[in-house]
There are 2 protein chains.
Amino acid sequence: MRNKDCRGHLWWHGRFRGCGYRITLAREAILEVLSRANQHLSAEDIYIKVHPMYPNIGLTTVYRTLDVLVDLGLVFKFDFGDKRARYELAEGPKGAHHHHHLICTNCKRVIDYTDFIDEEVELLNQTEKGLSKKYNFMITNHLIQFYGLCDKCNNKK
Amino acid sequence: MRNKDCRGHLWWHGRFRGCGYRITLAREAILEVLSRANQHLSAEDIYIKVHPMYPNIGLTTVYRTLDVLVDLGLVFKFDFGDKRARYELAEGPKGAHHHHHLICTNCKRVIDYTDFIDEEVELLNQTEKGLSKKYNFMITNHLIQFYGLCDKCNNKK
DNA sequence: ATTATAATGAAAATGGTTGTCATTAACAAT
DNA sequence: ATTGTTAATGACAACCATTTTCATTATAAT
């Protein structure tokens with residue numbers, strides 16, 4: 001049963017409508033999962049989380065929905081070096097949950113960090129402005145990741 | 001015929017031997033291609049460039065060699081959003097050719113930029129130090145990419 | 001030269017992601 | 001509320017970069 005009270009109230013509905021996308025149960029469910037999850041989910045992770053409540057939402061739809069969400073800038077898509085792509089709700093660089101990643105190249109563990117974010121973002125803004133002008137490039141997003149060995153993997157070697 | 005004069009003279013031989021890797025014709029050829037190429041090659045690109053001279057080096061070997069090179073830190077592996085991975089000789093953050101990437105999310109064009117690198121690298125070094133200490137993480141590399149629309153794609157829309 | 005074992009090539013397998021197409025659902029117009 | 005247009009969906013097949021397998025070959029320590 002659709003929650004009618006939410007119709008038109010959810011922050012992302014306008015964004016959807018404005019671009020000619022329809023608001024569907026699948027999309028609501030997937031966005032719901034993404035906003036509850038606080039960690040980088042793969043398409044399959046999302047599929048599995050959505051399945052118990054909505055068993056008729058297929059993996060294909062999850063992929064398609066994620067494509068749309070990424071396209072709209074509502075979701076970020078990451079590659080952490082294992083095969084599968086990971087998805088994460090975008091709060092925007094100014095958003096409260098904005099963070100960068102620290103990735104262990106050995107065990108693929110991912111640490112989100114928010115330290116130093118302010119300084120980084122300030123510099124990035126300057127850089128973005130400079131690059132935009134020089135290359136006539138409309139920058140919409142950035143990716144910063146540090147790679148290395150986490151404490152556990154470092155001790156093993 | 002192996003070039004005997006180079007045996008032991010090339011900068012990377014020691015690195016290889018030290019880790020128990022053998023020095024083979026295939027590896028020399030692939031590194032040669034990588035050091036000539038000044039742009040992000042895919043595994044297949046490399047295979048094709050190596051093939052005329054050494055037709056018996058297979059794509060599988062290219063993949064395996066690249067894995068080794070990435071593991072040794074001699075080569076960086078990138079994901080620009082099209083399906084295939086790209087490889088590039090690592091000169092290290094202090095290296096002369098160090099650059100970051102500006103990626104068009106529409107046409108997948110990649111622009112290397114070296115502007116602002118100095119300021120960025122300085123901040124990154126500080127950040128790395130802080131992160132290393134806080135998370136007891138041994139940082140070996142970083143990735144910075146800006147995403148957006150290049151001039152051509154921006155005008156079209 | 002001999003030997004242990006790392007590296008290789010060819011072919012098959014893998015597996016995340018995309019394409020196809022008939023069916024269903026959203027929603028604007030009535 | 002009903003209808004008509006068209007976007008969205010699900011099931012399944014196809015795709016294709018990358019890995020695995022395994023028998024063979026080449027490297028380099030002895």
Side-chain angles (χ1 to χ4, degrees), chain A residues 1-4 6-8 10 12-14 16-31 40-48 50-51 54-72 75 77-87 108, chain B residues 1-4 6-8 10 13-31 40-48 50-51 54-72 75 77-87 108:
Chain A
M1 170 68 101
R2 166 84 42 54
N3 179 359
K4 285 198 171 186
C6 286
R7 178 65 62 81
L10 290 180
W12 50 273
H13 282 196
F16 254 67
R17 290 251 169 66
C19 294
Y21 290 114
R22 293 176 180 175
I23 289 154
T24 68
L25 189 55
R27 289 170 177 177
E28 298 207 41
I30 291 166
L31 256 158
H40 339 107
L41 301 176
S42 69
E44 200 181 354
D45 289 340
I46 294 169
Y47 171 73
I48 288 170
V50 164
H51 197 74
Y54 307 99
N56 45 347
I57 292 177
L59 183 54
T60 311
T61 295
V62 173
Y63 274 109
R64 279 187 291 226
T65 301
L66 288 170
D67 280 348
V68 170
L69 294 174
V70 169
D71 225 49
L72 286 174
V75 163
K77 181 179 183 178
F78 291 104
D79 167 37
F80 292 148
D82 53 354
K83 297 278 118 167
R84 43 207 353 138
R86 308 289 170 146
Y87 300 86
K108 312 297 182 192
Chain B
M1 168 68 99
R2 166 83 43 53
N3 178 0
K4 286 196 170 187
C6 287
R7 179 64 63 77
L10 291 180
H13 283 194
R15 195 83 158 273
F16 255 68
R17 290 251 169 66
C19 293
Y21 290 114
R22 293 178 179 173
I23 289 154
T24 67
L25 189 56
R27 287 169 178 178
E28 298 207 39
I30 290 167
L31 256 157
H40 341 104
L41 300 176
S42 70
E44 200 181 354
D45 290 338
I46 294 169
Y47 170 73
I48 288 171
V50 164
H51 197 73
Y54 307 99
N56 46 346
I57 292 177
L59 183 54
T60 311
T61 296
V62 173
Y63 274 110
R64 278 188 291 226
T65 300
L66 288 169
D67 280 349
V68 170
L69 295 174
V70 168
D71 225 49
L72 286 175
V75 163
K77 181 179 182 178
F78 291 104
D79 167 38
F80 293 147
D82 51 355
K83 296 279 121 170
R84 43 207 351 136
R86 308 290 170 146
Y87 300 86
K108 312 297 182 193

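Numbers restart at 1 for each chain; the letters A, B, ... are given by sequence-line order, proteins then strands.
- Partners of B:D45 according to the side chain to side chain donor-acceptor pair (under 3.5 Å) rule, which considers only residues two or more places apart in sequence or in another chain, are B:S42.
- The interatomic distance linking A:D79 (CG) with D:dA17 (C1') rounds to 13 Å, in whole Å.
- For the pair B:Y54 OH and D:dT25 P, the interatomic distance rounds to 21 Å; values are reported in whole Å.
- Contacts of B:D82 classified as salt bridge (charged side-chain N to carboxylate O under 4.0 Å, His left out), with partners at least two apart in sequence or in another chain: B:R86.
- Annotation: side-chain contact (heavy atoms from CB on, under 4.5 Å) contacts of A:V70 (sequence neighbours excluded): A:V75, A:K77, A:Y87.
- As rounded to whole Å, 15 Å separates atom P of D:dA26 from atom CZ of B:R27.
- Look at CG on A:L25: it is 16 Å from C1' on D:dA7, rounded to the nearest Å.
- Remark: A:E28 CD to A:I57 CD1 distance equals 10.0 Å, nearest 0.5 Å.
- Residue B:R17 places at least one side-chain N or O closer than 4.0 Å to OP1 or OP2 of D:dA28.
- Distance CG (B:N56) to C1' (D:dA26): 12 Å, rounded to an integer number of Å.
- Distance A:L72 CG to D:dA8 P: 11 Å, rounded to the nearest Å.
- Distances shorter than 4.0 Å separate some side-chain N or O of A:T61 from OP1 or OP2 on D:dG10.
- Regarding B:Y47, its OH atom lies at a distance of 14 Å from the P atom of C:dT8, rounded to whole Å.
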Protein heavy-atom contacts under 4.0 Å, written 5' to 3' over nucleotides 13-21 of chain C as B (base), S (sugar-phosphate only) or - (none), form the string ---SBBBB-
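- For B:Y47, the side-chain contact (heavy atoms from CB on, under 4.5 Å) criterion is met by B:H51, B:L59, B:V62, not counting sequence neighbours.
- The C1' atoms of five pairs define one axis at each end of the helix from C:dA1-D:dT30 to C:dT30-D:dA1, and these two axes lie 50° apart (to 10°).
- For B:T60, the side-chain contact (heavy atoms from CB on, under 4.5 Å) partners at least two apart in sequence or on another chain are B:R64.
- With sequence neighbours excluded, the residues satisfying salt bridge (charged side-chain N to carboxylate O under 4.0 Å, His left out) with B:R84 are B:E44.
- Two residues are said to be in side-chain contact when any heavy atoms from C-beta on lie closer than 4.5 Å; A:W12 and A:L69 fail this criterion.
- Applying the ring pair (Phe, Tyr, Trp, His ring centres under 6.0 Å) criterion to A:F78, with sequence neighbours excluded, gives A:F80, A:H101.
- To the nearest angstrom, C1' of D:dT27 lies 13 Å from NE2 of B:H13.
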